[in-house]
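Throughout, protein chains are lettered first and strands after them, A, B, ... in sequence-line order, and every chain is numbered starting at 1.
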There are 2 protein chains.
Amino acid sequence: MPTLGDRVQAMVERFRDLLSREGYRVTPQRLAIYEALIASPRHPSAEELYEQVSRRFPMISPATVYNTLQLLVKMGLASELGFSGETRYDGNPHVHVNVLCSHCKRIFDIEEDLAAEIFERVRAKSNFVLYGQRHEFFGVCPECQARGVLNGSVQREAQAAGRSAAD
Amino acid sequence: MPTLGDRVQAMVERFRDLLSREGYRVTPQRLAIYEALIASPRHPSAEELYEQVSRRFPMISPATVYNTLQLLVKMGLASELGFSGETRYDGNPHVHVNVLCSHCKRIFDIEEDLAAEIFERVRAKSNFVLYGQRHEFFGVCPECQARGVLNGSVQREAQAAGRSAAD
DNA sequence: GTTACTGCAAATCTTTTGCAGAAGA
DNA sequence: TCTTCTGCAAAAGATTTGCAGTAAC
């Protein structure tokens, strides 16, 4: 069975091929940034990726990280998550939804077939040519719930959101 | 039949009640910002709301606009859209999806029952206490298509996104 | 009369830009 | 060799903060 490291290596290899096939240059910085993105379950921000890649490339600049992330988005290998101030990046290539815990700030991926179905319906209803989608949910994760994070006010908000979401 | 203005007035009235019921102060600035938000079909940015409300309240400050928008989000009366750099705000109280035209930057609301269904499924699968959701699509609107905006590269991207969204 | 809210100015933080030099193809 | 890409430094935006005065309750 392939390890996580094997899967990451295979994806980096595909990225390398895609780069040269599309006429982009294969640079160690680009490979390292992509690898850091897909190896992280954390949906890192540009800042976090910069910090991590800096360990291997101490001279790298934030501009390169931002450039590469834009390229990845353009190539369809990453998507931007608009949660809370700073943009975070998602290298998961499958259609899925993102769920953010507003307490611990972790983001979880959930596979959900309905996302693909919504995509088709929106295309049909809107007559847009669509090239991207993003499904984001906000809440409190089970671990934080267990730690008693939910105070009265958040609970009220959660109930209100549930109602309006179901109405 | 109620006019758009009537509907806006009714919503502002409800906002006023909600403010005082929850112990917040009813200020003319808050009412004006909320009114500007829901009267605009444009999903305005904080900057745009500031500019518009400034016409009626020349002394208003950006900080007040940001404060009020945060309050509206907290109360569930508005949601943030994470499209492209600046945050834009959506005062539509119904469950819906947002579709952004990457060319003209307009955002369209599309009513979609599946959004409520996804909410329930994500809640069940994640065991989160959920209090918000956001469904965003990117593409090119019919008008911009008709104006010939779609060049080769965007078309390729759109086709690629369609494939990955359907796989 | 209290206390929350506003306006102002400065600060902070993220992201972008312009340019000279380095390094892929 | 020819561009593209990188690193750097500065700039540009968006949003937040601290504080004194104002106004809602």
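When the side-chain nitrogen and oxygen atoms of Q70(B) are compared with OP1 and OP2 of dT16(D), one or more of them lie within a distance under 4.0 Å. Residue T87(B) places none of its side-chain N or O atoms closer than 4.0 Å to OP1 or OP2 of dA14(D). OP1 or OP2 of dG7(D) has at least one side-chain nitrogen or oxygen of Q29(A) nearer than 4.0 Å. Residue R25(A) has no polar side-chain atom (N or O) positioned under 4.0 Å from OP1 or OP2 of dT3(D).
A straight line from CD of E47(A) to C1' of dT16(C) spans 16 Å, rounded to a whole angstrom. Between L19(A) atom CG and dC5(D) atom P the separation is 9 Å, expressed in whole Å. Between E86(B) atom CD and dC13(C) atom C1' there is a gap of 17 Å when expressed in whole angstrom units. Here dC8(D) presents its P atom at 8 Å from OH of Y50(A), a figure rounded to the nearest Å. For L81(A) and dT14(C), the CG to P distance is 16 Å, given to the nearest whole Å. Going from atom CZ of R88(A) over to atom P of dT14(C) covers 12 Å, rounded to whole Å. Rounded to whole angstrom, the span from the CG atom of L72(A) across to the P atom of dC5(D) amounts to 13 Å. Distance CZ (F57(A)) to C1' (dC5(D)): 14 Å, rounded to an integer number of Å.
Across all strands shown, P28(B) has heavy atoms under 4.0 Å from sugar-phosphate atoms exclusively, and none from any base.
By the 30° and 60° cut-offs, the orientation of the rings of F137(B) relative to H135(A) is perpendicular.
Sequence order on DNA chain D of the closest nucleotides to N67(B) and S20(B) puts N67(B) first from the 5' end. Map L71(A) and V26(B) each onto its nearest nucleotide of DNA chain D; the residue landing nearer the 5' end is L71(A). In this structure, S61(B) and Y24(A) both approach DNA chain C, and ranking their closest nucleotides by distance from the 5' end singles out S61(B).
The side chain of A63(A) sits closest to dT17(C) out of dT17(C), dC8(C), dT15(D). Among dT15(C), dC8(C), dG7(D), the nucleotide with an atom closest to any side-chain atom of T64(A) is dG7(D). Out of dC25(D), dA25(C), dC5(D), the shortest distance to the side chain of T27(A) is found at dC5(D). Which of dT14(C), dT3(D), dT16(D) sits closest to the side chain of Y66(B) comes down to dT16(D).
No close placement of the F138(B) and F128(A) rings is indicated, their centers lying 6.0 Å or farther apart.
For E136(A) and R134(A), the salt-bridge test passes: some basic side-chain N is under 4.0 Å from an acidic carboxylate O. Salt-bridge formation is not detected for the pair R88(B)/E47(B): no Lys NZ or Arg NE/NH1/NH2 atom is positioned less than 4.0 Å from an Asp or Glu carboxylate oxygen.
Proximity of V122(A) to V99(B): side-chain heavy atoms (C-beta onward) are separated by under 4.5 Å at one or more points.
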